[in-house]
Each structure stands twice: as C-alpha cells, then as structure tokens.
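Lettering follows sequence order; numbering is per chain, from 1.
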Amino acid sequence: MRWSKTLIPTLKEDPADAEVISHKLLVRAGFIRQVSRGIYDYFPLALKVIRKIEAIVREEMDRAGAQELLMPISSPAELWQESGRWEVYGKELVRFKDRHERDFCLGPTHEEIITDLVRRVVRSYRELPFNLYQIQTKFRDEVRPRFGLMRGREFIMKDAYSFHADLDDCRREYENMFQTYKRIFSRLGLKFRPVEADTGAIGGSLSHEFQVLAESGEDAIVSCNKCNYAANVQKAEVKAPRPPARDIAEASPKLEKVATPGKKSVAEVAEFLRLPAAKFIKTLVYKTDGDELVAALVRGDHEINELKLQTALGCREVALADEAAVTTATRLVPGYLGPIGLKLRMVADFSVQGMRGAVTGANEANAHFIQVDQEHDFTPSAFADLRLAVAGDPCPRCEPGVLEAYRGIEVGQIFYLGTKYSEALGATYLDAEGRERPIEMGCYGIGISRLVAAAIEQNNDANGIIWPIAIAPFQVLLLPINYKDKAIQKVSDELYQALQKRGVEIILDDRDERPGVKFKDADLVGIPLRVTVGAKGLEKGFIELRWRRDGKSEEVPIDKAADTLATLVREATGA
RNA sequence: CGGGGCGUAGCGCAGCCUGGUAGCGCACACGCUUGGGGUGCGUGUGGUCAGCGGUUCAAAUCCGCUCGCCCCGACCA
C-alpha cells in the first residue's frame, strides 16, 4: 500500500473531545472519527486492525470446533417478549417500528435470536452439542458512551452460543472456550487476566471475564499474590473474619450519646470525634424490588457491594433509598441513622460482627452513639459478605495470600447460561429415553472494536501508538527520506516489491513531505518495523531498520534487506 | 436522569465580562527555499460565530428556548 493513496488524516494536536489515550491516538493517527456520540467511522487503517483481530478470533474459534454464522442485526419484538427482556432491558435496547407498525429492535446481544434458530432446527440429543458464533455490529444505547472505542453505542463483537444436552457437556465447552480465549488474547499480544465475574442481567451462574490490564480500565479487579484467584471486585468474595475474641468477664464500656452537630458523613464525624473510620458502622437504607426498605450495615472504611446485598436479601434489585423515603420510614435524614432502635430489617457485613467501641448514628438529628457494642446493643437479622473487596484483604481461596488491586478493560466474557433462554423460548430436545428436555446453553463474547482501544491503552508512548505486530495495520513501514530523489525512489520501490513478494504487509510512505513530518507520522501510526531509505545510507549501500517499540535500529545491506526483513517479520509474528 | 463545562475556518484556540468592520497558530493553495525528526520567507483561499426567537440604531458578544458534544455521578452483556 502506498501512503499517498491511503486515507490517513493525521492530526498534530489532540482532539478536544478525547479523554483517554487510545481515543486521542486513534483520532490523531487517522484511524477513526466520531459520527455521533459513541458511533464512529473506521478509516482504512482501523479496518485493517479490526480485520486482523477478527482473523485471529476466527481461526481460534474454528479450531475450537465452533461454527461461524451470521444473524440479523434487527429482530422482532416477539422474540424479546418471549424471553421477557422486551420489558426488562430498558432504554439500552433501541426499538423501532416498521411500516406496518410492528415492533423491532437492534440487537444488543443475540440469545433470543439464536435460541429461536436452534429451537426450529434441533430435535434430538444426537444433534447436540454445537457452538455457533458470529462477528457483527451490535447496538446498545448506553447511558453514557465514552472513551472512544472503549465504550461505544455501536461496536463490533464476536458472540458465540453453545448448546448441550447436559450440564457436564456445557461445562466442558466452557472450559474449551476458556482455553480458546487465553490463546486468542495471547496471540493478540496483550497482557490480560481471566477473572471470576458477576453474571449480570444476562443470568446464569458461572462466568469469567478476560481483562486487559490498563490503568484507564473501567473495571476494578483483585487477584491473589499467592494463588491464581482473581475476580472482578463486583464478584470478589471477602473471607468472613473470625469475630474478635472477647473476655466474657470484661464489662462493656457503656453506650454513650454524643452531639455531632451538622456532621453527617463518616469522614466528617470521624474527624470531629478524632476516631478512625474503621471504628464506624455505616447504616445505608436500600429499597428492594419488593419495595421494602432495608438497612445494610458496613464498617465505616468499607464500601458496600450492592450485588452482594442483593444476594444476601434474595432479591433481584436494590437501590439506595432516596431521602424522602428514608425520612418517611425513620423520621430522620440520612446521616444520623444507626442500628440501635432502628425499625427496619437489618443485614450486616461480617466485619461488623462483634464490633466494640464502635460509632453509629443515634437515630436522632445531630447525635451519634459511641462505645457501641454490637453483641450487646443490636442484633441484625443476618451477617453476610456485603462489602467490596479491597487490596490487602486476605485471599478467599488460600491461606497466606493477600489480594492486590488492578484496573482492567473487559474484552471478553464467558457465561454458563443454563436453561434460562431455552426454557423461555421452548428450545428442547429429546434425550435417549425419549424425554423432552431444555437445552443447556453457554455464551461467549469478545469485544472486537474495544480490543482495538485496549491494545493501544497497553501499547503507546509519548510519540504515538505501538502496535503489537499481530494486529498492526502493516508490519513494515518503508520510509524514503526524499521520494523525489531518483536513487532513493528506485531502491524504495524495489524493496517495496520484494517485500510484497515475500508476503510482508508493507506501506510505502511515498508522500512528498519533509522527513520530519514522515518520522512523526510513522511514530504516531505505530507500525512495528520502520525501514528508512536515505542518501546517507545509500552511499554506503545500507538502509536503516528500526523497531517502533524500543527504538533499536540496525543497518542492513540493500541487497540483503528484503530477506532480512521478511525473516524478522516471520520471527516476530511467530509464523 | 442529576451536576459541571463547551459549541467561533478542516484541527487547536482567542474575542464574549464592558454590543460597533471576525482574529491567531496549524492545515490548505501558489512561488521561492529546504531535504535524516512537524524547514524558512512571502502571497492567498476558506466563517450560516450550533440553530431558532427576543432586546437594541446595531448582537459572536446581552436574554430565552432548542440541538449537539465532553466530563463527573447514577446505570451497564
């Protein structure tokens, strides 16, 4: 490819609307432009990267025994009504009517469509199992799209769905996909980590996310420094601590009420009373999907994990109650709430169990209790794991291990789905005994376009992108210092053709630009290997070869250049 | 949806407070110059000042409404 014939609109300055590095660089280096919020044009270079990622994903999915198909991007409301998600999904699901006033939506994911497909085709256990996947544009009307390709509304995704006669076989495929995903992300050249994940709105009971490690990641993850336990903090378990031992003979200091005028938050009261946050018990009032108000108690220095609270309460949804609801129920504004004398169902985090000398709200304005003794002063209806895991927590799986915290970009997730969709849509098969049974399902996603951003978040420097060679738009950039110079042009053109003949993916910067401009663009666009052809080198019969990643360079005789480069590329791509 | 910010040439920005001929840098075109890290000089092209409405002799500037975009929060396979 010739640079002069390729649309690569590079920019000298960062775009004003970009925040994260991958977004800035993708726009600056001429890969993408925004069309509307969360919706982008993919320019030729970006499409090349996407195609390369897709190719690796296809190869590995096919190798794992999955089959590619393609489903429609729009689907009729009826399928979504059958699964119940037409109501549940909310505004994220973009809906529209056709000319006959029939309801449709754009697919944010395809469980319904594929389950419908399968129920119309599969009759017998003999036809199972199989795994179907597609690579396709999805649309989700995200509340807040952001960070360029990291969280778009329209994005490219590989989604796979597997179908099985029984749970064991589904588990086998889950493991198969787990290993496949590890191969895929390794081949892409990314540092990643599989972590245990919450199953979210999609349902199911077993799930892993594949997280590309990056500071700018939206997800917080923790992992053990001793064993291989790793989890999204949404999911990460916190080991129940042993309640502190106590001397029965020892008399409890007496509960005491103190004035805390105007001090509401833990931080404010802690400063006012000169006590550490860990001595506090936070009382948070939540509203359940059953419209019940419930109090959740966690230690002052901990954050509540609403998913765990849901599990502990056995409900599908919880939301912090608004002030009005709290006031109506307790005659108080939040800030002075406490468990003592509170007339609500209370659940407490394990860490609250047996706390002594604690501080809580006094359930009256401008006052708190100190010297609270949990065992003596109040009894929650249950103790449970309610808080977010943090760095430093003991590992829930091994003894000496301690959790460390990272940030990650979720680029893949695998789920065991069970029979949620097959039962809702009636996707069944006849087993060997002739009994009708719902099909067991798994589902496996990879965010293709998000991977483009994730790769850059992990591979960049002050000058621009540094593509892993496996997904670089080109493997080699040929940079003639002055393409108008006949001698330079001749050597460049011959090398260009020789490399193409050897199967090297190459772009020739044949523009009539100053060398500085070309070097800057070369760094910005991030092609792994740069070959410079200039008058100085030609005099000695050499070209210069330079790696984008570490800046290491060497001089290569012109007549050996094509073979040397082809070999280097082959080695670097592991081919 | 709540809070904050922004919208002026292709890009990045000033001008707005205090109303009076729309500016700067980059990019672009042309000429000369230069040719191993965004050359230098000169000449030039390009603007419904987001849109609609209002105030005024006069609006990029003041007021109202609408739209778009960004950030934080709530939310999220």
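B/U21 is unpaired under the Watson-Crick or G-U wobble criterion, no partner having all donor-acceptor distances under 3.5 Å. Judged by Watson-Crick or G-U wobble contacts below 3.5 Å, the nucleotide B/C1 has B/G73 as its partner. As the counterpart of B/G38, no nucleotide is assigned, since no Watson-Crick or G-U wobble pattern has both distances under 3.5 Å. Applying the Watson-Crick and G-U wobble criteria (two distances, each under 3.5 Å), B/A50 pairs with B/U66. A 3.5 Å limit on both hydrogen-bonding distances identifies B/G44 as the Watson-Crick or G-U partner of B/C28.
In the model, A/Glu111 has no side-chain atom that pairs as donor or acceptor with a side-chain atom of A/Ser83 under 3.5 Å. Between the side chains of A/Asn463 and A/Arg548, not a single donor N or O lies within less than 3.5 Å of an accepting N or O. No hydrogens or angles considered: nothing links the side chains of A/Glu306 and A/Gln310 as a donor-acceptor pair under 3.5 Å.
Using a 4.0 Å heavy-atom distance criterion, A/Lys138 is classed as making no nucleic acid contact. No contact: A/Asp159 has no heavy atom under 4.0 Å from any strand. If you check every strand for non-hydrogen atoms under 4.0 Å, A/Arg450 touches nothing. Using a 4.0 Å heavy-atom criterion, one finds that A/Thr532 contacts the bases of the nucleic acid, with or without backbone contacts as well. Within 4.0 Å (heavy atoms only), A/Asp512 reaches at least one base atom of the nucleic acid. Counting any heavy atom pair closer than 4.0 Å across all strands shown, A/Arg530 reaches a base atom. Base contact: A/Arg546 has a heavy atom under 4.0 Å from a base atom. Residue A/Asp485 is classed as having no contact, given no heavy-atom separation below 4.0 Å to the nucleic acid. Using a 4.0 Å heavy-atom distance criterion, A/Gly537 is classed as a base contact. No contact: A/Gln234 has no heavy atom under 4.0 Å from any strand.
In the set B/C75, B/U39, B/G12, B/G12 carries the atom at the smallest distance from any side-chain atom of A/Ala16. For A/Phe519, the side-chain atoms get nearest to B/G36 when compared with the rest of B/G36, B/C75, B/G38. Of the listed nucleotides (B/G35, B/C72, B/G37), B/C72 has the atom at the smallest distance from the side chain of A/Phe147. For A/Arg514, the side-chain atoms get nearest to B/U34 when compared with the rest of B/G36, B/C69, B/U34. Side-chain proximity of A/Arg37 to the nucleotides B/C76, B/G38, B/C69 is greatest for B/C69.
Here A/Glu142 pairs with A/Arg151 in a salt bridge; the nearest charged N to carboxylate O distance falls below 4.0 Å. Between A/Arg171 and A/Glu175, no side-chain nitrogen of the basic residue sits less than 4.0 Å from a carboxylate oxygen of the acidic one, so the salt-bridge criterion is not met. A salt bridge is defined here as a Lys NZ or Arg NE, NH1 or NH2 lying under 4.0 Å from an Asp or Glu carboxylate O, and A/Glu60 with A/Arg183 meets this definition.
B/C49 and B/G42 are spaced 30 Å apart, taking the C1' atom of each and rounding to whole Å. Taking atom C1' on both nucleotides, B/G64 is separated from B/U55 by 11 Å, rounded to a whole Å. B/U18 and B/C76 have their P atoms separated by 46 Å, with the value rounded to a whole Å. Spacing of C1' atoms, B/C67 relative to B/A50, comes out at 8 Å, to the nearest Å. For the C1' atoms, the distance from B/A9 to B/G25 is 13 Å, rounded to whole Å. Atom P of B/C71 sits at a distance of 29 Å from the matching atom of B/C26, rounded to the whole Å. Comparing the same atom, C1', in B/G10 and in B/C75 gives a spacing of 36 Å after rounding to whole Å. Separation of the C1' atoms belonging to B/U48 and B/A22 is 14 Å when rounded to the nearest angstrom.
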When you compare the protein's N or O atoms with those of nucleotides 50-52 of chain B, which come within less than 3.5 Å of each other, and at what distance?
none

Table of protein N/O atoms under 3.5 Å from nucleotides 41-47 of chain B N/O atoms:
none

Under 3.5 Å between N/O atoms: give me all the protein pairs with nucleotides 22-28 of chain B, atom names plus distance.
from, atom 1, to, atom 2, distance (Å)
B/G25, N2, A/Glu13, OE1, 3.4
B/C26, O3', A/Lys12, NZ, 3.2
B/A27, OP1, A/Lys12, NZ, 3.2

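The residue among A/Asp14 and A/Val143 whose nearest nucleotide of RNA chain B is located toward the 5' end is A/Asp14. Taking for each of A/Phe542 and A/Pro108 the nucleotide of RNA chain B with the nearest heavy atom, the 5'-most of the two is the partner of A/Phe542.
Stacking of A/Arg95 on the aromatic ring of A/Trp86 is recorded, both the 6.0 Å distance cut-off and the 45° axial limit being met. Judged by a 6.0 Å distance limit and a 45° cone about the ring axis, A/Arg85 is not positioned over the six-membered ring of A/Trp80.
Atom pair A/Ile488:CD1 and B/G36:P shows a separation of 9 Å (rounding to whole Å applied). Spacing between atom CD of A/Glu19 and atom C1' of B/C6 amounts to 13 Å, rounded to whole angstrom units. A straight line from NZ of A/Lys91 to C1' of B/C75 spans 12 Å, rounded to a whole angstrom. Summarising the geometry, the separation between CZ on A/Phe155 and P on B/C76 is reported as 15 Å, rounded to the nearest angstrom. The separation between A/Ile39 atom CD1 and B/G68 atom C1' is 13 Å, rounded to whole Å.
For the atom pair CG of A/Leu206 and CZ of A/Phe415, the computed distance is 10.5 Å after rounding to the nearest 0.5 Å. Expressed to the nearest 0.5 Å, how far CZ of A/Arg28 lies from OG1 of A/Thr10 amounts to 8.5 Å. With rounding to the nearest 0.5 Å, the separation of CD in A/Glu112 from CD in A/Glu82 is 9.5 Å. Interatomic distance, A/Glu209 CD to A/Arg193 CZ, rounded to the nearest 0.5 Å: 13.5 Å. The distance from atom CZ of A/Phe178 to atom CD1 of A/Ile414, rounded to the nearest 0.5 Å, is 6.0 Å.
Contact annotation: A/Gln34 side-chain N/O to B/C70 OP1/OP2 distance is under 4.0 Å. For the OP1/OP2 pair of B/C69 and a distance below 4.0 Å, the side-chain nitrogens and oxygens of A/Ser36 include at least one atom meeting the criterion.
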Audit row: A/Phe31, A/Phe43, ring-ring contact (aromatic ring centres under 6.0 Å, His included) steps and yes/no
CA-CA 5 Å; A/Phe31 283 70; A/Phe43 284 38; 9.4 Å; no

Start with the C-alpha gap between A/Asn131 and A/Tyr133, add the side-chain angles, then the distance that decides, and say whether side chain to side chain donor-acceptor pair (under 3.5 Å) holds.
CA-CA 7 Å; A/Asn131 187 338; A/Tyr133 75 95; over 6 Å; no

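Counting distance only, with no hydrogens placed and no angle test, the side-chain atoms of A/Arg144 and the base atoms of B/C76 include no donor-acceptor pair under 3.5 Å. One cannot find a donor-acceptor pair under 3.5 Å joining the base of B/G73 and the side-chain atoms of A/Arg146. Side-chain atoms of A/Asp523 come within donor-acceptor range of the base of B/G37, with a qualifying N/O pair under 3.5 Å.
A donor-acceptor pair is defined here as one N or O able to donate and one able to accept, closer than 3.5 Å; such a pair exists between the side chain of A/Asp510 and the backbone of A/Ser4.
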